[in-house]
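Here the structure comes first, spelled out in structure tokens, and everything after it is commentary.
Residue numbers start from 1 in every chain, and the chains themselves are labelled A, B, ... in the order their sequence lines are given, proteins ahead of strands. Side-chain atoms are counted along with the backbone in the values below, which use heavy atoms only and exclude waters and symmetry mates.
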Amino acid sequence: MAGGFVYNAIDQTELSTAEIYGKAIADIVQKDPKVVAVTPDLAKSTKLGEVLKVCPERVFNVGIAEQDMFGVAAGMARAGLIPFASGFSAFTSMRACDQLHTDICYQNANVKIIATHSGTSFGQAGSTHHAIVDLAITRAMPNLTVIVPADGLETANAVNAAYENFGPYYIRINRGFDRVLYDSQDYGFEVGKAVEVHPGTDITVIACGSCVFQAREAAKFLENADGLKVRVLNMHTIKPIDRDAIMKAVMDTRRIITVEDHSILGGLGSAVAEVVVEGGKACAFRKLGHPDKFAPIGLHEDIMAEVGIDSNGIINAVREVMKMDFEEDDNWDDEF
Amino acid sequence: MALSKQEWLALEKKAFELRKLCLQTTVWAGSGHIGGGMSIMDLLTVLYHKYLNIKVEDPQWEDRDRFILSKGHAAIAYAPVLCDKGFNDVEMLKTFNLSGSKMGMHLDSNKVVGVDASTGSLGHGASIAAGTALAARVLGKDFLTYVATGDGELGEGSNWEGFMTMSHYELSNCIVFIDRNHCMIDGPTEEVMKLEPLADKMTAFGFNTIVVDGNNIKELCDAIDVAIERSKEKCAPTCILMDTKKGAGIKTMEGDYTWHYGAIDDALFEKFNAELEEDYKARVARAEKEGK
């Protein structure tokens, strides 16, 4: 595995996503004296505390100051360090948006951002702590690679990839209590390459983050109940997006649904739609995510159900999109 | 070591030349942030011609001192300093602000050689400097980080986050300058958004604060000497609060907030050059009289 940090299924059953991420960074810090961690009073909440246990002198708490965190991290990176800066995604993307844009992305500073509590995973905290616009913001920033891991093992893979590749990374994880998608870290994670987690030829569901597990559950159910072959793609990298996998889905299944714990404006669904439209091929298309309004308050799973991005919501959407009418001939020449 | 008369006179000459180059660049560009450029020119001169441990032939030298111009709009002064120093071709100044140039109104550290941070969005330099100074500690390096903010810029709360970090981590290897020229775009700072008592604020934030005439090279150097001496021990960082004049060196412009940004035609160019000559004569006379 990349970086040599391998976690197994037992780790995952015992550790939350956040804990695996904390351990992954702690491992890197121990191996590389140039790696440091920066946190805005969230060492415990973001599990950077794992680094505190092994290397406290390389953890820098800047207090409740996300803007400062990013400026400090940018300065560190420009001087040769590899900082992992971790905070709640609502504040890393919005409060410190200018620092992310100017200090980190504009300068192409080698800063690794771990944005936690993303989407509505901190659901009961309300809209002040929901991050349903962060992908729209970060996706538009030049130089930035944006990754939304689906579970703990994928987070470890993303952290290792971020460490090994120069440039700014925005890794968007949840509060830390994810459903387990992978039973091994060794499934071929590669930045910018979607992973098929369920095969299918009738329709493709493209998901990221916590919605990937839900999509796979929906695909299993639909295969048994409706005899539908639903392809599920884990689009863990939002930028650069895997154009080939999207266009292959258009060609093979001609029906696409995107699912994300994010606004339907500007996130995964928009990114996929851009590729589909530019591809010039007819395709039935539906975006699932938060509609253009603030999300309700509640447990993450309850919000996902209400918004329709859990397995039931995906099942309903698949059935609807399967009924949508569109040109089904095999002659691609008359389309443009 | 105290500034000798000879060194003082040499720095005055360089500051004068750089002011003329800044004025010329403003003419080439058509317009520019000349007021705040002139107020900080004495600091830029002493840093680049006395204090910064840098190598023109190796701009990315790992052990170099860093300078971060948080008031990035003073690029109209900073770019001439970097070109004159040899980091970039002086001919580049003729393209400043123009389409296709590597030199915009605010300098891009990935395009202009010698720039340690891309600034322009105000309130960013302090945190970047704090990170740079922390990196020196982690890497076991002795280099110093100098950062210069404007005064109006201090309205951005992020400055104070950076100052807290410098103070908390006792980053005496980071030296903060505030270009207190008392002006911002819409008027005098105390009318637009009160800053005073600024020295007390910096002291309250944990800085060893030194107030100087920021357009007096001798006073500046004496204060920087103190800050460098303090940097040898981990202790409270130093803030050098530079009382300056917007447009310093050009009498017509001095203290006039409307010269935050301006255009200069041929007639003004001639007049301002003459005023710079007068100012230089007065500065030489002062150095001759007060220097040792």
Side-chain angles (χ1 to χ4, degrees), chain A residues 29 32-41 51 55-85 87 91 95-113 141-143 166-168, chain B residues 60-68 70 72 104 106-112 115-147 149 156-169 171 173-174:
Chain A
V29 165
D32 187 339
K34 289 190 172 178
V35 175
V36 294
V38 196
T39 180
D41 190 39
V51 185
C55 201
E57 71 277 12
R58 273 190 275 139
V59 176
F60 297 93
N61 201 326
V62 296
I64 304 169
E66 285 79 8
Q67 300 175 77
D68 189 43
M69 172 173 72
F70 279 171
V72 164
M76 288 172 157
R78 298 279 292 183
L81 297 180
I82 306 172
F84 279 79
F91 312 123
R95 172 67 71 106
C97 186
D98 189 16
Q99 280 76 9
L100 173 60
H101 170 274
T102 303
D103 301 353
I104 294 176
C105 294
Y106 182 38
Q107 300 199 99
N108 200 25
N110 195 23
V111 176
K112 316 304 177 186
I113 298 152
M141 292 203 185
N143 293 335
F166 186 88
Chain B
Q60 294 297 316
W61 178 41
E62 285 182 6
D63 295 338
R64 72 188 185 280
D65 287 341
R66 267 67 167 183
F67 172 65
I68 293 157
S70 192
H106 307 97
L107 301 183
D108 179 342
S109 61
N110 289 326
K111 288 184 180 167
V112 181
V115 178
D116 285 317
S118 303
T119 54
S121 177
L122 297 174
H124 289 229
S127 295
I128 296 172
T132 311
L134 280 170
R137 292 254 171 90
V138 172
L139 296 166
K141 292 185 181 295
D142 294 330
F143 69 76
L144 296 179
T145 302
Y146 298 84
V147 56
T149 77
E156 297 284 4
S158 50
N159 288 293
W160 303 92
E161 293 183 7
F163 294 156
M164 284 174 76
T165 300
M166 289 176 190
S167 175
H168 179 80
Y169 286 98
L171 298 176
N173 58 343
C174 181

So, the part of B/Arg137 with a heavy atom under 4.5 Å from chain A: the answer is neither
Search all heavy atoms of B/Asp116 against all heavy atoms of B/Arg66 and return the closest pair with its distance. OD2-CA, 3.3 Å
Tell me the closest heavy-atom pair linking A/Asn143 and A/Pro168, and the distance in Å. O-CG, 3.5 Å
The residue among A/Met69, A/Gln67, A/Gln99 that forms side-chain contact (heavy atoms from CB on, under 4.5 Å) with B/Glu161 is A/Gln67
If every non-hydrogen atom of B/Val147 is compared with every non-hydrogen atom of B/Cys174, which pair is closest and at what distance? CG1-SG, 4.3 Å
Does any backbone or side-chain atom of A/Ala65 lie under 4.5 Å from a heavy atom of chain B? Answer side chain, backbone, both or neither. both
Heavy-atom cut-off 4.5 Å, strictly under: side chain, backbone, both or neither for A/Pro83 against chain B? neither
Heaviest contributor of heavy-atom pairs below 4.5 Å to chain B, chosen from A/Gly80, A/Gly63, A/Gly71, is A/Gly71
Between B/Val115 and chain A, which part of the residue has a heavy atom less than 4.5 Å away: side chain, backbone, both or neither? backbone
Mind checking side chain to side chain contact (heavy atoms under 4.5 Å, CB included) for B/Ala117 and listing every partner two or more places apart, or none if nothing turns up? A/Gln107, B/Ile68, B/Thr119, B/Ile128
Between B/Thr145, B/Asn159, B/Asn110, the one whose heavy-atom pairs under 4.5 Å with chain A are most numerous: B/Asn110
Of the listed B/Gly162, B/Ala133, B/Ala130, the one with the largest count of heavy-atom pairs under 4.5 Å with chain A is B/Gly162
Between A/Arg78 and B/Ser109, the two heavy atoms sitting closest are NH2-OG, 2.8 Å
Which answer fits B/Asp108, side chain, backbone, both or neither, if we ask what part of it has an atom under 4.5 Å from a heavy atom of chain A? both
Return the set of residues passing ring-ring contact (aromatic ring centres under 6.0 Å, His included) with A/Phe60 (not counting sequence neighbours), or none when no residue passes. B/Tyr169
Count the heavy-atom pairs under 4.5 Å between each of A/Asn61, A/Val38, A/Val36, A/Ile64 and chain B, then report the option with the highest count. A/Asn61
